[in-house]
Amino acid sequence: AQSVSQHNHHVILSEAASLELGCNYSYGGTVNLFWYVQYPGQHLQLLLKYFSGDPLVKGIKGFEAEFIKSKFSFNLRKPSVQWSDTAEYFCAARSSNTGKLIFGQGTTLQVKP
Amino acid sequence: DGGITQSPKYLFRKEGQNVTLSCEQNLNHDAMYWYRQDPGQGLRLIYYSQIVNDFQKGDIAEGYSVSREKKESFPLTVTSAQKNPTAFYLCASSLIQGNTEAFFGQGTRLTVV
């Protein structure tokens with residue numbers, strides 16, 4: 001069955017700490033990968049996406065993610081977090097064959113000032 | 001303004017009643033999706049549609065129904081068969097072709113009493 005799994009459910013960091021959120025997917029065929037963010041009280045917005053090409057993808061607000069096909073992973077990273085990064089982060093995968101788009105369980109990031 | 005409109009923002013219904021959530025988009029997107037968001041469970045796919053008059057079940061379709069009579073509209077009916085309907089419901093849309101992501105509406109919070 002298709003699935004997306006996020007390893008960390010709740011992460012607490014101090015400002016300036018580095019961040020890495022894990023994401024693994026289980027999908028047959030070609031897959032498109034995404035990271036979305038949901039700030040408190042706001043709607044989901046895209047951080048970054050991977051379709052093809054360079055497996056290291058840069059997104060908004062200093063975030064990046066690396067697609068490792070052999071590990072079925074798409075981990076999100078940021079070298080130095082800020083208090084304003086406090087939010088919920090979702091990894092998602094879409095089958096390019098069926099268009100089915102599914103999400104992981106989400107990771108709540110709390111950054112302490 | 002281009003975007004996805006979900007209405008209403010808050011909805012209250014009595015147990016045993018069917019209720020329909022509206023989702024309209026003016027982005028000329030082919031694909032539309034419905035998700036349910038519960039704390040700690042991320043976004044779970046209810047139904048999705050890639051083309052008018054066609055839709056597929058997602059991972060938690062039981063107790064829900066949809067229609068796709070027009071490209072811009074994808075209403076979701078929460079039926080009385082849905083055992084735990086109180087939740088936050090999100091609608092999304094995307095192009096099928098091209099390296100594009102899904103865009104989300106603001107959501108509808110349904111409370112069944």
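First the proteins, then the strands, lettered A, B, ... as listed; each starts at 1.
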[Y] reachable from [X] in the ILVMFWY side-chain graph, under 4.5 Å edges:
X	Y	answer
B:F103	B:L76	no
A:L109	A:F74	yes
B:W34	A:F34	no
B:Y10	B:V112	no
B:M32	A:L44	no

Report which part of [X] has an atom under 4.5 Å of a heavy atom belonging to chain B: side chain, backbone, both, or neither.
X	result
A:T107	neither
A:E88	side chain
A:K49	side chain
A:Y50	neither
A:L101	both

Under 3.5 Å, is there a donor-acceptor pair linking the side chains of B:Q37 and A:Q38?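 There is such a pair (donor and acceptor under 3.5 Å, judged by atom type) between the side chains of B:Q37 and A:Q38.
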Mind checking the [atom1]-[atom2] spacing from [X] to [Y]? Nearest 0.5 Å is all I need.
X	Y	atom1	atom2	result
B:Q6	A:H43	CD	NE2	11.0 Å
B:R44	A:Q105	CZ	CD	10.5 Å
A:L47	B:E101	CG	CD	11.0 Å

Should we count [atom1] of [X] as having more than 12 external heavy atoms under 6.0 Å?
X	atom1	result
B:I51	CD1	no
A:Q42	CD	yes
B:Q56	CD	yes

Taking side chain as everything from C-beta outward and backbone as N, CA, C, O, which of these in [X] sits under 4.5 Å from a heavy atom of chain A? Side chain, backbone, both or neither.
X	value
B:I96	neither
B:L95	backbone
B:A102	both

Flag, side chain of B:Q50 to backbone of A:T98, donor-acceptor distance under 3.5 Å: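 Yes, B:Q50 side chain to A:T98 backbone: donor-acceptor pair under 3.5 Å.
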Output, in order, the C-alpha distance, side-chain angles, deciding distance and verdict of ring pair (Phe, Tyr, Trp, His ring centres under 6.0 Å) for B:F104 and A:F103. CA-CA 13 Å; B:F104 283 81; A:F103 285 75; 5.8 Å; yes
Most contacts with chain A, counted as non-hydrogen pairs under 4.5 angstrom, among B:D59, B:L45, B:L43: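 Counting heavy-atom pairs under 4.5 Å, the top option is B:L43.
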Count the heavy-atom pairs under 4.5 Å between each of A:Q2, A:H9, A:R94 and chain B, then report the option with the highest count.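 It is A:R94.
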